[in-house]
Amino acid sequence: MKLADRIEQLPPYLFVEITKKINEKRAQGIDVVTFAIGDPDLPTPAHILDRLHTASDDPANHRYPESDGLPELRQAIADWYKSRFAVSLDRDKEVLPLIGAKEGIGHMALCLIDPGDVALVPDPAYPVYSIGTMFAGGETHWLPLKEANGWLPDLDSIPEAVARKAKVIWVNYPNNPTGAVADITFFDKLVAFAKRYDIAICHDAPYTEIAYDGYRPVSLLQAQGAMDVGIEFHSLSKSYNMTGWRVAMAVGNPGLINALMRVKSNLDSGIPQAIQLMAIQALEDSQQCVKDNVEVYQRRRDKLVDALTKIGMEVVPPQASLYVWARIPQGYTSAEYAAKLIEEAAVVVTPGSGYGQHGEGYVRLSLTLPDDQLNEGARRIAQLAS
Ligand SMILES: Cc1ncc(COP(=O)(O)O)c(C=O)c1O
C-alpha cells in the first residue's frame with residue numbers, strides 16, 4: 001500500500017520523540033521532571049465542570065451538535081470579545097466555535113491555499129501553520145523571528161515577489177515558543193501589509209489571557225481595518241485549564257469565517273453540546289479563575305527564571321504565555337543541551353530547533369507542571385552550575 005506523499009513528508013512530531021525519551025528514563029526508575037509540554041496541570045475550575053455534570057444528563061445534549069455551534073455560545077464569545085477587547089462581533093457571521101484552535105488552524109489552510117500557493121509562516125513557530133500549508137499542497141515561505149527584533153517578523157524584508165504570491169500570513173502573539181508579545185503598532189503595520197498585497201492574516205492567540213505583571217495583550221481585531229483581512233484563533237484550553245475538553249473559536253472577517261465553516265461542516269460535526277455549555281459557563285461566569293491561574297504561573301516563572309539565570313543562561317522573563325525561552329550556553333546545539341539536561345539532571349526541556357531553524361540556540365521550558373515538581377526541576381537546574 002502506498003500512502004499519500006503528504007504522509008511521507010511529515011516530520012516526526014516533536015513531542016513523540018520527547019515522550020519516548022521520558023518513558024525510557026522512567027522505565028530505568030529515574031524520577032524525571034518535565035518542562036516539555038504546555039498542558040496546564042491545574043484542573044478545570046469546579047463551576048465549569050458543574051455545568052458539564054448537569055448538561056450531560058440532558059438527552060438534548062446526546063445528539064449531533066451543529067457544526068457552527070450553539071447560537072448561545074457564539075453570543076457568549078462575541079460578548080467576551082466585547083468586554084475583553086472592546087471588539088464588536090456579529091455572532092452569526094464573525095464567530096465560529098472550534099474543536100480546539102489546532103483543528104481550526106489546520107482546516108484554515110484548506111480555505112486559503114491551493115496547490116503551489118505560498119503561506120508566510122514564522123520560524124520558530126507552532127508547527128501546525130506549515131503542516132496545514134503542506135497538507136493543502138502549498139509552500140511555506142519562512143519568516144525568521146529574531147531576538148534582536150523582539151521575535152516579530154520583519155515585514156519589510158519579505159521580497160516583493162514573495163509578498164505578491166502569498167495568500168496568508170500566520171502570526172502568534174503572545175508567542176509560542178518565545179513568550180514574545182506584540183503591541184497594536186505591530187498589528188496596524190501587519191494589516192497595512194496584508195491590504196497592500198491582498199493577503200489574509202491568521203492570528204493565533206490562545207495565550208492572550210496568560211500575561212504577567214499586569215500586562216494585557218491585545219487582539220489583532222483591535223487594529224484599524226483588521227476585520228477586512230484578518231481572522232483570530234482563540235482558545236479556552238489555556239485560560240480555563242480545558243485542554244482536554246477541546247473548545248476554541250475563530251473570530252473575524254466574515255468571508256474567512258464562512259469559508260472555515262464550510263470546510264468544517266464537511267469534515268466534522270462540531271463540539272459536543274455539553275462541552276459548548278461548559279464554554280458558555282467559562283466565558284460568562286467570573287474570570288477570577290483566570291487571574292488565579294496567572295498568579296500561579298507568575299510565581300513559577302519567577303522561580304524558573306531565577307534558576308536558569310543562576311547557571312548562566314540568558315533569559316528574558318516572559319510578559320505572557322506559558323513558556324520560558326532561554327538561550328543556551330555556547331558550545332552546544334539546543335538538542336545537545338536538552339540531552340545534557342536529561343542525562344545530568346533528569347530534567348526535560350524542548351529544544352528550540354524543534355520549532356524551526358531560528359529556534360536553534362534556545363530551549364523552551366513550560367510552566368505547566370505542579371509546584372513541587374517545578375521547584376525540584378529548578379533545584380536540579382541550579383545545581384548543574386556547581
Ligand atoms: C500557539 C498555539 N496555538 C494553538 C494551540 C492549540 O490550542 P488548542 O488546545 O485550542 O487546540 C497551542 C497549544 O499548545 C499553541 O501553543
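Worth knowing before you read on, the calculation uses all heavy atoms, side chains too, and leaves out hydrogens, waters and symmetry mates. Counting starts at 1 for both ligands and their atoms, following the listed order.
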Does ligand 1 have an atom under 4.0 Å from some heavy atom of [X]?
{"X": "Tyr207", "answer": "yes"}
{"X": "Thr243", "answer": "no"}
{"X": "Lys238", "answer": "yes"}

Should the pair [X]-[Y] be classified as a salt bridge under the 4.0 Å nitrogen-to-oxygen rule?
{"X": "Arg74", "Y": "Asp79", "value": "no"}
{"X": "Glu344", "Y": "Arg380", "value": "no"}
{"X": "Glu8", "Y": "Lys2", "value": "no"}
{"X": "Asp39", "Y": "Lys238", "value": "no"}

Nearest protein heavy atom to atom 7 (O) of ligand 1, by residue and atom, and its distance? Ala101 CB, 3.9 Å
protein heavy-atom neighbour closest to atom 6 (C) of ligand 1 works out as Tyr126 OH, 3.3 Å
Those atoms of ligand 1 less than 4.0 Å from some heavy atom in [X]:
{"X": "Gly100", "result": "10 (O), 11 (O)"}
{"X": "Asn172", "result": "1 (C)"}
{"X": "Ser237", "result": "8 (P), 9 (O), 10 (O)"}
{"X": "Ser235", "result": "8 (P), 10 (O)"}
{"X": "Asp204", "result": "1 (C), 2 (C), 3 (N), 4 (C)"}
{"X": "Asn176", "result": "1 (C), 15 (C), 16 (O)"}

Given that the side chain starts at C-beta and the backbone is N, CA, C, O, which of these parts of Pro206 lies under 4.0 Å from ligand 1, counting heavy atoms, or is it both or neither? side chain
Determine whether Val305 and Val363 fall in the same hydrophobic cluster, where Ile, Leu, Val, Met, Phe, Trp and Tyr are linked whenever their side-chain heavy atoms lie under 4.5 Å apart. yes
Honestly curious: do Leu70 and Met261 fall in one hydrophobic cluster under the side-chain, below-4.5 Å linking rule? no
Would you say Arg246 has any N or O atom under 3.5 Å from an N or O of ligand 1, going by distance alone? yes
Please verify the inter-ring angle class for Phe233 with Trp170; under 30° counts as parallel, over 60° as perpendicular, anything in between as tilted. parallel
Among Val251, Asp90, Ile257, whose side-chain contact (heavy atoms from CB on, under 4.5 Å) with Val95 holds? Val251
With rounding to the nearest 0.5 Å, note down the distance linking OG in Ser366 to OH in Tyr297. 8.0 Å
